[in-house]
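The sequence lines fix the lettering, A, B, ..., with proteins before strands; numbering per chain opens at 1.
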Amino acid sequence: MANAAISTPLDVHLTKHSDQNKSLFFTSPLFRQIPTTTRTRTTLTISCCTSPKPRNKKTSSLSEQLKPLTTTTLSNDQEQQNNTLLSKPKSTWVNPTRPKRSVISLQRQKRSPHSYNPQVRDLRRFAQKLNNSGDSEEAFMATLKEIPHPPSRENALLILNSLKPWQNTRLFFNWLKTQNSFPMETIFYNVTMKSLRFGRQFQLIEELANEMIRNDIELDNITYSTIITCAKRCKDFDKAVEWFERMYKTGMMPDEVTYSAILDVYAQLRKVEEVLSLYERGRASGWKPDAITFAVLGKMFGEAGDFDGIRYVLQEMGSLGVEPNLIVYNTLLEAMGKAGKPGMARSLFEEMIESGLTPNEKTLTALVKVYGKARWGRDALELWERMRSNSWPVDFILYNTLLNMCADLGLEEEAERLFEDMKRSESSRPDSWSYTAMLNIYGSGGKVEKAMEMFDEMSELGVELNVMGCTCLVQCLGKAKRVDDMVRVFSFVVEKGVRPDDRLCGCLLSVVSMCDDVGDEEKVLACLQQANPKLVVFVRLLQGEETSFKTVKDEFRSVISDTSIEARRPFCNCLIDMCRNRGHHERAHELLYLGTLYGLYPGLHNKTAKEWCLDVRSLSIGAAQTALEEWMGTLYRIVQRKEELPELFSAQTGVGTHKFSQGLANSFASHAEKLAAPFRQSEEKAGCFVATREDLVSWAQSRAPTAVTA
DNA sequence: ATAGGGTTAG
């Protein structure tokens, strides 16, 4: 009989309906805080047919029945809508004599208990000797001759299980096959594959699997899950799926271990619909998922930033009576952070504590990240206090996460205390990440001396300075006009083999823009020359009086397209600042125009019928001044032409979250004053400047036509 | 690492 009788559960059709499953009973206290809004969730109906035409099945919608299989593709929005419109009540299609085919074996594969082996000590010692025999095949084979007991099935298994790395396991396995002492059973392949998996040797694993097939040795659930997880760890997701499908084709039913492994494969592929379809299909087969499954689902929803999904995981656990374990809590905390729900994460954490679990390093790291991202400094610091008073476990990753949180929130003293704690600790000494965080804190706080102390300390201790640390140092040394020190730091890291990235180039460029001494400027440009020669060419071009706009435009486009997206706007801001500081105002306007043209300043102008707004929050001081001049010029012309104007005008500078970005509002205010522009600080809203239509009109009428844009 | 699945940093 053809084994294809069991279909893969991968052909899915989607119907969308509103999730109003009233039977869900939420025991979790967390749920009491969740608004009980109706969640629209995509629920999946799965085709279990292998024939070219879909059979009638109990959950098919009418539209599915009418559609040839080739058109029923996955995740098609239009189709989902059609299904919503056309779907019939499920009961119409229920055929009680044809229950839905099962996709999962409810019985986990049994493992054969190993009997006591009296020679266990000898054999284990021998295995260690093999492991230590050096890394040549010859040495290994020579040591193999000293085997203390004949390689019976049990003895061989014991040794095989103790060998590492994978090269040794493989040599021993191949040797066993030449001995012909006993037939090679599945378990020998499984043990060998596990070792190969540690070495991420997917190809070798696949070769072994094919050898099993050739030799008619059964691949069991342990074999398949090992193959699948190895492919997954090697990021070869296609292979993982291929072996999962092959499993069904050979008539082998996955058990819950294999099933959750493949769920994770689809989750890592971000194929949420597929994961849900498999999940629900498994549920329909009578499967009760365990905590591991929910960790997989929780992580997936977290990566997608899907809070509804996270809530669904909690609902399912609640209704199935599955208690979350520590890993599930850790995963969900992380997920809630990614979904931007710090309050929910905090509640979940408290729930976890109430349930009697003790948080580990990962739990606390996840929560600190959540609080840092949400800028909840107080919660983060309270958590830190609690960690100390409860003696919760701490490691260097947690310390570094705390330091990064302090850097994000500008908590300098707290960071210093943490850093001292790390220095005193046995196991969590400051590493490159810790120093980078401190450089970030001192750098953005303008504490040059302290930053340089860190730099010297790193050099003494041999802690590597990475590109981000270098960027922080360049930034603050540049602001302090300590160009020689800056050059020293830059040369140091380049000599160490650190490749400057675009952010670092952006910082160098901003130092160039701040230089008022030609000698200094040349020193910085010499650094930039090593990192990005093309950018230096462009800087020189901008400085040349005779350079045409066309040339500027072409070269700007070329430089910007070679720049990573996150560094493009900073580059443009710096270039504008540089032009302004050298009195090349027209060129600054050209650059702002080009930056806008290439989409570097989306949302700079916002217009509604009642209000026009200039949002300069992502601009540098010079760029914001340029934008204001440009705007005033435009408004002036509009008034002259008596075109329609809104009642209100506003300019947003923001107040700045970092100490150093607070200058924007002030410089904007003084520049507005210089232009005699009628904007004044809003009293209700900090970092917002406002003017009325009347203000604007009387301003324009009192101006001479040429005075505005000059 | 004693035959298989899930969690930690710009």
Side-chain angles (χ1 to χ4, degrees), chain A residues 108-114 117 120 123-124 127 131 154 157-166 169 185-199 219-230 232-233 240 254-265 267-268 289-300 302 324-335 337 359-369 372-373 393-405 407-408 431-434 436-437 439-440 466-469 471-472 501 503 566:
Chain A
R108 187 193 283 226
Q109 184 178 321
K110 293 272 191 304
R111 302 156 70 133
S112 48
H114 47 268
N117 189 331
V120 60
L123 292 164
R124 228 168 246 169
N131 286 339
E154 274 66 33
L157 256 183
L158 223 151
I159 294 169
L160 198 62
N161 257 318
S162 313
L163 289 177
K164 60 181 176 185
W166 61 271
T169 316
E185 301 159 36
T186 305
I187 187 170
F188 286 87
Y189 283 89
N190 289 349
V191 174
T192 306
M193 282 185 183
K194 187 185 176 188
S195 177
L196 289 169
R197 195 184 59 176
F198 274 110
L219 284 77
D220 62 14
N221 257 289
I222 295 174
T223 321
Y224 281 111
S225 61
T226 310
I227 296 170
I228 288 166
T229 53
C230 181
K232 189 170 74 183
R233 283 174 204 186
D255 66 8
E256 63 173 338
V257 176
T258 315
Y259 209 70
S260 58
I262 203 68
L263 284 183
D264 192 39
V265 169
Q268 288 192 33
D290 62 4
I292 292 177
T293 310
F294 292 118
V296 168
L297 294 182
K299 184 171 185 193
M300 173 183 76
N325 62 19
L326 188 56
I327 295 183
V328 171
Y329 273 117
N330 291 352
T331 309
L332 290 175
L333 285 171
E334 179 101 25
N360 67 8
E361 298 89 335
K362 292 173 187 176
T363 322
L364 300 166
T365 300
L367 204 55
V368 171
K369 259 166 66 187
K373 193 179 159 196
V394 183
D395 65 0
F396 73 103
I397 294 181
L398 176 53
Y399 266 118
N400 286 343
T401 308
L402 281 160
L403 284 177
N404 282 330
M405 180 272 296
D408 286 341
D431 68 349
S432 164
W433 286 70
S434 329
T436 305
L439 287 172
N440 189 2
N466 60 24
V467 67
M468 184 185 171
T471 305
C472 296
D501 61 6
R503 283 178 198 228
E566 82 274 5

Legend entry - Under 3.5 Å donor-acceptor, S195(A) side chain and T192(A) backbone: no
Inset, instruction - Test for a donor-acceptor pair under 3.5 Å between the base of dG4(B) and the side chain of D220(A), counting only N and O atoms. - result: no
Inset, instruction - Select one nucleotide: of dT7(B), dG5(B), dA1(B), the one nearest the side-chain heavy atoms of K362(A). - result: dT7(B)
Legend entry - Partner set under salt bridge (Lys or Arg N to Asp or Glu O under 4.0 Å) for E334(A), not counting sequence neighbours: K338(A), K369(A)
Inset, instruction - Could you give the distance separating dG5(B) and dA1(B) at their C1' atoms, to the nearest angstrom? - result: 16 Å
Legend entry - For R197(A), all residues meeting salt bridge (Lys or Arg N to Asp or Glu O under 4.0 Å), sequence neighbours excluded: none
Inset, instruction - Please work out if T436(A) contacts a base, only the sugar-phosphate, or nothing of the nucleic acid, heavy-atom cut-off 4.0 Å. - result: base
Legend entry - Selected nucleotide, minimal atom distance to N466(A) side chain, candidates dG5(B), dG10(B), dA1(B): dG10(B)
Legend entry - Presence of donor-acceptor pair under 3.5 Å, side chain of R108(A) and base of dG5(B): yes
Legend entry - Ring-base stacking, W433(A) with dG10(B) (5.5 Å, 30° cut-offs): yes
Legend entry - Atom pair distance, as rounded to whole Å: CG in L157(A) and C1' in dA3(B): 8 Å
Legend entry - Whole angstrom value for the distance that separates C1' of dA1(B) from CD1 of I222(A): 15 Å
Inset, instruction - For K373(A), report the nucleic acid contact type (base, sugar-phosphate, nothing); a contact means any heavy atom under 4.0 Å. - result: nothing
Legend entry - Those residues of residues 394-402 of chain A lying under 4.0 Å from DNA chain B by at least one heavy atom: D395(A), F396(A), I397(A), N400(A)
Legend entry - Side chain of R197(A) (C-beta onward), nearest among dG6(B), dA3(B), dG5(B): dG5(B)
Legend entry - Donor-acceptor pair present, N161(A) side chain and dT2(B) base, under 3.5 Å: no
Inset, instruction - Output the single nucleotide from dG6(B), dG4(B), dG10(B) whose closest atom is nearest the side chain of R233(A). - result: dG6(B)
Inset, instruction - Identify which nucleotide among dA9(B), dG5(B), dG6(B) has an atom closest to any side-chain atom of V328(A), counting heavy atoms from C-beta outward. - result: dG6(B)
Legend entry - Distance-only donor-acceptor test, T258(A) side-chain atoms vs dG4(B) base atoms, 3.5 Å: yes
Inset, instruction - With heavy atoms under 4.0 Å as the rule, sort T293(A) into base, sugar-phosphate or nothing. - result: base
Legend entry - Nearest-nucleotide pick for D431(A), side chain only, options being dA9(B), dA3(B), dG5(B): dA9(B)
